[in-house]
Amino acid sequence: MAANNRRMSGKKGAQVGSGGQRRRGLEGKGPTPPAEMRKGHAKQRAAQAKARRAQGRTTQRRGGRSASELVVGRNPVVEALRGGVPASTLYVQQFIDNDERVREALQLAAERGGINLMEAPRPELDRMTNGLNHQGVVLQVPPYEYAHPEDLVAAAHDEGEDPLIVALDGVTDPRNLGAVVRSVSAFGGHGVLVPERRAAGMTAGAWKTSAGTAARTPVARATNLTRALEAYKKAGVLVVGLAADGEAELGDVEALDGPVVIVVGSEGKGLSRLVGETCDVRVRIPMPGGAESLNAGVAAGIVLYEAARRRS
């Protein structure tokens, strides 16, 4: 009889003293969430992919950022601070000989404000600079925030003006870029366009050569310079390339008083083939003195002056 009771005790059913757990387990869990919020659902994956694409477009629209940069050595750091180069942190070696250049660097950083002053041991500065001769002073330059090529045209339209832009093709010297930025600012231009690869960027050297004008003259960066110029053409902007063998002389180009982008090539190679073919007209600068070529900064300044003269 005891055995039979044990067999019967194994049958299914509610157990005495369950406390209503089975009843609570049958209660509803609320409304079913939308498909976009259900983990692993196809609609959720599609929504996430759409968000990633939108984020990518936003990043591209801004034109991207450069990497942070270090200015190394006492004289270069002082010159960068004098020249208004943006800086986030000034690192000074512990127990350094406090000479005139170190004192000036500290004073300039303090007067400007917004620059962190950090004391660091020599091994740390050696590691930061990969063993360069930093002389106990290192200045960190924050990443440059590039504009998007379309922003330059939009800025001109916002001011009720025809776009005046300079594009650089194959210019690799940051000092030339800085000089062009300075000329664009001086003659009322709306910005500078550079390629993303194989071209000078807004380094500390470019900032210094611009003499502070880089703070108010945007520099845009294009993944593909040819496509960016074609987009300008579709927007009604004339693309004028500078070339020693150009079919037109600078003084004969009447369109400089309208929407125009001036394309300047490198001093040695000039315009690349694809960029030259994209230009609406190729212009030569008359040089009675017989010079073979001008550097990018000088050439851009001459054409910008002519454009500004006709617009005045």
Side-chain angles (χ1 to χ4, degrees), residues 60-64 144-171 176-196 199-202 206 209-210 213-243 246 248 250 253-266 270-272 274-283 285 296-312:
Q60 184 180 5
R61 185 71 178 83
R62 287 196 299 267
Y144 180 80
E145 189 74 50
Y146 289 94
H148 188 275
E150 294 176 6
D151 295 339
L152 306 185
V153 175
H157 291 161
D158 289 344
E159 297 173 9
E161 300 173 351
D162 287 327
L164 177 58
I165 301 165
V166 174
L168 301 182
D169 177 28
V171 175
N176 268 333
L177 172 57
V180 170
V181 170
R182 188 173 183 178
S183 294
V184 169
S185 177
F187 294 112
H190 300 100
V192 180
L193 176 64
V194 298
E196 186 174 333
M202 282 306 297
T209 310
S210 77
T213 58
R216 57 181 182 271
T217 303
V219 176
R221 189 166 63 176
T223 304
N224 185 294
L225 181 60
T226 302
R227 285 202 294 267
L229 294 176
E230 290 173 345
Y232 280 160
K233 292 172 69 172
K234 291 179 181 178
V237 180
L238 185 77
V239 179
V240 176
L242 300 189
L250 177 60
V253 182
E254 300 293 338
L256 288 177
D257 59 354
V260 64
V261 52
I262 302 159
V263 189
V264 184
S266 64
L271 299 176
S272 62
L274 287 176
V275 169
E277 293 174 354
T278 305
C279 294
D280 293 304
V281 59
R282 297 192 312 144
V283 175
I285 298 174
V298 173
I302 292 172
V303 182
L304 285 165
Y305 166 76
E306 180 66 14
R309 184 183 68 83
R310 297 190 182 192
R311 291 167 182 239
S312 61

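This chain uses plain numbering: 1 for the first residue, then up along the sequence.
Minimum interatomic distance between Arg282 and Gly276 (heavy atoms only, all atoms of both residues): CD-O, 4.1 Å. Pro149 approaches Ala222 most closely through the heavy-atom pair CG-CB, 4.1 Å. Heavy-atom minimum distance, Gly297 versus Asn176: N-OD1, 3.7 Å. Nearest heavy atom pair, residue Gly236 against residue Pro259, reads O-CG, 3.4 Å. Scanning all heavy atoms of the two residues, the minimum distance from Leu271 to Gly241 falls at CD1-CA, 3.9 Å. When all heavy atoms of Ala200 and Leu177 are compared, the pair lying nearest together is O-CD2, 3.7 Å.
Here the OH-CE distance, from Tyr144 to Met202, works out to 5.0 Å after rounding to the nearest 0.5 Å. Interatomic distance, CD1 of Ile262 versus SG of Cys279, reported as 11.5 Å (0.5 Å rounding). Between the CD1 atom in Ile302 and the CZ atom in Phe187 there is a gap of 10.0 Å [rounded to 0.5 Å]. Separation of atoms CG (Leu225) and CD (Glu196) is listed at 12.0 Å; rounding is to 0.5 Å. Rounding to the nearest 0.5 Å gives a distance of 11.5 Å between CZ of Arg221 and CG of Leu193.
The environment of Arg182 atom CZ is sparse: at most 12 non-hydrogen atoms of other residues, nucleotides or ligands sit within 6.0 angstrom. More than 12 heavy-atom neighbours from other residues, nucleotides or ligands sit within 6.0 angstrom of CZ on Arg310.
Using a 4.0 Å cut-off between charged side-chain N and carboxylate O, Arg309 and Glu306 make a salt bridge.
With a 4.5 Å cut-off on side-chain heavy atoms, Leu256 and Leu250 count as touching. Using a 4.5 Å heavy-atom cutoff, the side chains of Leu229 and Val261 are in contact. Within the 4.5 Å cutoff, side-chain heavy atoms of Val263 are placed close to those of Val275. Inter-residue side-chain proximity for Val260 and Leu164 is flagged as met; some heavy-atom pair is nearer than 4.5 Å. Contact check for Val180 versus Val264: no side-chain heavy atoms found under the 4.5 Å cut-off. Under the 4.5 Å side-chain criterion, counting only non-hydrogen atoms from C-beta, Val237 is not in contact with Ile165.
Between the side chain of Arg311 and the backbone N or O of Gly258, at least one donor-acceptor pair lies under 3.5 Å. With hydrogens and angles disregarded, a donor-acceptor distance shorter than 3.5 Å links the side chain of Lys233 to the backbone of Thr278. With hydrogens and angles disregarded, no donor-acceptor distance shorter than 3.5 Å links the side chain of Tyr232 to the backbone of Val153.
The side-chain hydrogen bond (donor to acceptor under 3.5 Å, both in side chains) analysis of residues 161-170, with sequence neighbours excluded, yields the pairs Glu161-His190, Asp169-Ser272.
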